Every structure is written in C-alpha cells, then in structure tokens.
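Keep in mind that this is a model prediction, so the values were computed, not measured. Just so we're on the same page: letters track the sequence lines, and every chain starts at 1.
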There are 2 protein chains.
Amino acid sequence: MENFSQTEENYLKAIFKLSEREDKPASTNAIAGEMSTSAASVTDMLRRLAEKGLIHYEKYRGVALTEKGNKLATGLIRKHRLWEVFLLEKLRFSWDEVHDMAEQLEHIQSPELVERLDEYLGRPKFDPHGDPIPDAAGNFTFRKQVFLSALNPGEAGVVVGVNDHSPAFLQYLDRIEIKLGVQLRIAERFDYDESVRIMLGETNEQVLSKKVSQNLFIQKF
Amino acid sequence: MENFSQTEENYLKAIFKLSEREDKPASTNAIAGEMSTSAASVTDMLRRLAEKGLIHYEKYRGVALTEKGNKLATGLIRKHRLWEVFLLEKLRFSWDEVHDMAEQLEHIQSPELVERLDEYLGRPKFDPHGDPIPDAAGNFTFRKQVFLSALNPGEAGVVVGVNDHSPAFLQYLDRIEIKLGVQLRIAERFDYDESVRIMLGETNEQVLSKKVSQNLFIQKF
DNA sequence: TACAATTTTTAGATGAGTCTAAAAATATTT
DNA sequence: AAATATTTTTAGACTCATCTAAAAATTGTA
Ligand SMILES: [Mn+2]
Ligand SMILES: [Mn+2]
Ligand SMILES: [Mn+2]
Ligand SMILES: [Mn+2]
C-alpha cells in the first residue's frame, strides 16, 4: 500500500474519531478543532485526501472515510494502542505518560513490526486506558460498558476504561487509587450535585464528583 | 533542546558518518551522495544547519559538525542502535532486517524513552552489527579491532563486527554461519586472489573471498 | 421568506525541502 | 600559466502544509 505523510495520517485519525463520536459526516470546523488548525487548511487537506481516495468529500457536506481510509485509520489506532501497552508493560511508564510517545510511534511504517509487537505483548485486546485494540483485520473487541454516572445505588461493577484521557484526570485517579480492574458498588447518589458515594471493597468508601463519574467506564456485574 | 526535522537530523547523521570515515570536512557532493539528493539541495540545507548552529560552514570549504551538532548526531546514533538491539533481542528480527525500522525509530523524540529503553535492554554497549552504542553522555566504547584481511596465517581472533551493513552481506554471513562472537584462525592466505582459508574450531574450515575478509572486523586474541 | 449568523471555501502568501539548469569557484592537466 | 574538468553555488520553479482575509454557501431566526 502507498505511504502517506504523518499529517495525512493525523487527519484520518481525526476524522475517524469524529465519525465514531457521532454517526454522521465530520464537519470542516470539527476537524479543524481536533487538529488545532484553521478551517482553510482543513479544506485544502480534504481536497487532497479525497483525491487519494481516502475520504468521501462533497463541498459543504462534510466528510466520511472510505473503506481505504477506514482501514488506514484503524491501523493507526492499532499501532498507537499497541505501543501504549508496550510503554506501560515493558518500559514501566505510567498511563498518563504513554499517549504522547505513542502519537509519534504510531507513524512508524512496518507491518511486520506491528505484528511482532502484538505477538510480543501477548496480543492484548485493550490498551492502558481500556480502549479496545483492533486486530490485524481491523476488528474491535466490543464490550458492554456504561458511565459510572449511569449506575444506580446498589449496582456494582468493575472499572474498565476512561473517557477523559488527560494526564490531569489520570493522575487524579492514581491519587485516589482508582485504576482499571477496580471493583466498586454505588452506595448512594446525591441529587444536589450529582456526586456519588462508592464502596471499594467492604470498608473503603469514597465520594466521586459528577465530572469524575462521567469519565469512568464501568462493566456491570 | 529545540526540535529538528527528520530531514535535518538525517543530514547531521550523514555529516557525522562522513567526518568519521575521513577526518576532514565533509564535501557537498559527498553529503549529496550519502543523502541521495542533489548538490543544490545540500547547499540549501547547509545554509540552514549553519544558521541553527549545528555545523561550521564556509562556502566551497566543506562542513564539520559543531559541538551542538555532534551531540545531536551522537544521540541519533544512540537511538538507532538501541532500537536495533530491541528489534533483534526482543522482537526476534534478524540482523539484516533491523536497520530500516531503526531509521524511522531513531527520530522519536523523548529522552525519557531512550533512557528506559537502554535500561530495559540492559545498557548494551554494541548493536547487532557490532557497532558501539554511545552512552547518554555521548561516549563510544572503543574496541581494538582489525579487518580480517589484515590478519596473517596463524593469527586468530573473534568476529566482533561488520563493515558492510547490507542485507545481502549479512544474509550471506548467515548462510555460511558466521556471526558475531564466532572464533576463527587464519589457516592460509592465497596471494592469487587474496582469499583466505579460515578454521572455525579444529575441523570446520572455509575459504573467504577478499571482499568478505575486508568487511569483517576481528578482535585478535 | 428575508435577514443575520455561522460555516466553509477561495485567494493569495509563506517556509521547508526538493528539483533542473546555469553560473561561479576550485582543482587538475597540459 | 592557461586550458579543462570538477565541484559548488545561485536562480527559478515545484509540492506540501500552513496562515489570514475575504467571498460564498448554508443554517438559524424573526
Ligand atoms: Mn493514546
Ligand atoms: Mn490509549
Ligand atoms: Mn543501522
Ligand atoms: Mn547497526
């Protein structure tokens, strides 16, 4: 397959992410926001990506990835998440440090390297933030999960992912000792500020703000 | 420290390599050859690198790296060779496959990553081709070595490196079962074509061509 | 439906890195 | 030393990715 520039690859990822969030064509402005660039630059790039058959693009109508573009974007996400696992599992970085390095590593071109890395890591299905790692064919493992904020008192489950990937949030979770795999039960929910009291085990209890509870993914028991 | 483009980094490596080969300023043409580009493009880039304080450059006089340029080039070589070790030791690639991937990986920007990788690999002093890996301060381990072609009959030693890094040569060495660490002794040298007969152990003998003997580094016993 | 607000595209410019062709400087021969 | 060959630089053009400002299209509202 042809090679594309890192910039082109980053646009594909941005479009993928936006299409994933909402199931409709990504707008020029939304892409500009995601890429931290001007709408004019985006329009330029969209023309080029369409030219190369990576996106469906009609002026003023927004864009969607083509089969080819989707394959490429999925491959990038696969590489990004595998490298994150490597950095955490093998090089012992913490989950708030791995993203920036993976942003660079995802652009390394070598199908064989990705395959070997995957094998070396034991073919992980999820990355350090709980996001699914697509397999070589591009298939994501689906997992039934809900926001912690959607749980009712008495319901319990295990923390399986984060919605907010910012180092600030991840470091906060470290501080309050919440990590992937932690089991919890909703003890009480306060209507006043929509915060919740959770039980970790039988004795350890904590109150989480609305904001925190909206950024944690839980798999219910 | 500032960041430089991959292109700029590759020019620095090329200049480093040329200055290493011969201890005099690298010429525009030599750099063009090393970079597979035109002399005109090189002149352009030299102006820019000089502007950034990475090289000493006088028109028509060739170039040498500044302290700053040398530090950067050494850092790139460190990263390149560490990644080669990783690819071979951890991902089980062969020594003829690792270079091209390392050419990409050497541009990943993250001092902390290099440090962790070095530690993870056990702070190796040499890469899969026997080339020394500079430490974090930029110091290369020096090793007394000679070309196999410089050995006389009766002399013995161990294979510690290759001069030719091409996959073709490395694969040929695999085929005749010569790898780093192999011990050998010169049994006979033929003046006719400057080939040599070597003994690997007491019974296994082989004849190596002049070309092969000029591309193997030996550490004498 | 018409006017206003927002979004998107176009136009024109810039810098990095590249090219070819031509001019200038340096090195080699005779 | 002069002529010739080689190397290096300059000049001008191209692509990619970006910008700002202005024009055009779409969407929202009165
Ligand atoms: Mn990430
Ligand atoms: Mn992640
Ligand atoms: Mn190499
Ligand atoms: Mn090497």
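With sequence neighbours left out, the salt bridge (charged side-chain N to carboxylate O under 4.0 Å, His left out) criterion links R21(A) to E34(A).
Neither OP1 nor OP2 of dT6(C) sits under 4.0 Å from any side-chain N or O of N29(A). In this model, the phosphate group of dA16(C) is not approached by any side-chain N or O of T7(B) to a distance below 4.0 Å at OP1 or OP2. Regarding contacts with the backbone of dA17(D), a side-chain N or O of R48(A) is found under 4.0 angstrom from either OP1 or OP2. When the side-chain nitrogen and oxygen atoms of S27(B) are compared with OP1 and OP2 of dT7(D), none of them lie within a distance under 4.0 Å. Contact between the side-chain N/O atoms of T37(A) and the OP1/OP2 oxygens of dA17(D) is not found at any separation under 4.0 Å. At dT10(D), one or more side-chain N or O atoms of R47(B) fall inside 4.0 Å of OP1 or OP2 (strictly under the cut-off).
Taking CZ of R189(B) as the start and CG of N152(B) as the end, the distance is 7.0 Å to the nearest 0.5 Å. Separating the CD atom in Q214(B) from the CZ atom in F147(B) is a distance of 8.0 Å, to the nearest 0.5 Å. With rounding to the nearest 0.5 angstrom, the CD1 atom of I176(A) is 5.0 Å from the CG atom of L208(A). Considering OH of Y57(B) and CG of L49(B), their distance stands at 10.5 Å, rounded to 0.5 Å.
Look at CG on L49(A): it is 13 Å from P on dT9(C), rounded to the nearest Å. Whole-Å rounding puts the L46(B) CG to dT10(D) C1' distance at 14 Å. For K52(A) and dT15(D), the NZ to C1' distance is 10 Å, given to the nearest whole Å. Atom pair K24(B):NZ and dT7(D):P shows a separation of 12 Å (rounding to whole Å applied). Rounded to whole angstrom, the span from the CG atom of N10(B) across to the P atom of dA16(C) amounts to 17 Å. Straight-line distance from the CD atom of E51(B) to the P atom of dA16(C): 10 Å, rounded to whole Å. For the pair D44(B) CG and dA16(C) P, the computed distance is 11 Å after rounding to whole Å. What separates CD of E2(B) from C1' of dA16(C) is a distance of 17 Å, to the nearest Å.
When the nearest nucleotides of DNA chain D are assigned to Y57(B) and M45(A) by heavy-atom distance, the more 5′-ward of the two goes with Y57(B).
When heavy atoms are screened at a 4.0 angstrom cut-off, T43(B) is found touching base atoms of the nucleic acid. Residue contacts for F4(A): at a heavy-atom cut-off of 4.0 Å it reaches no nucleic acid atom on any strand shown.
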Exercise for the section: Go through the steps to decide whether K13(A) and E103(A) satisfy the test salt bridge (Lys or Arg N to Asp or Glu O under 4.0 Å), and finish with yes or no. Expected result: CA-CA 11 Å; K13(A) 272 208 311 171; E103(A) 279 296 304; 3.0 Å; yes
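Salt-bridge formation is detected for the pair E155(A)/K220(A): a Lys NZ or Arg NE/NH1/NH2 atom is positioned less than 4.0 Å from an Asp or Glu carboxylate oxygen.
A donor-acceptor pair shorter than 3.5 Å can be found between the side chains of S195(A) and D193(A).
Among dT18(C), dT8(C), dT9(D), the nucleotide with an atom closest to any side-chain atom of Y11(B) is dT18(C).
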With the criterion being N/O to N/O and under 3.5 Å, what pairs connect the protein with nucleotides 20-28 of chain C, and how long is each?
| unit_1 | atom_1 | unit_2 | atom_2 | d |
| --- | --- | --- | --- | --- |
| dA25(C) | O4' | Y60(B) | OH | 3.2 |

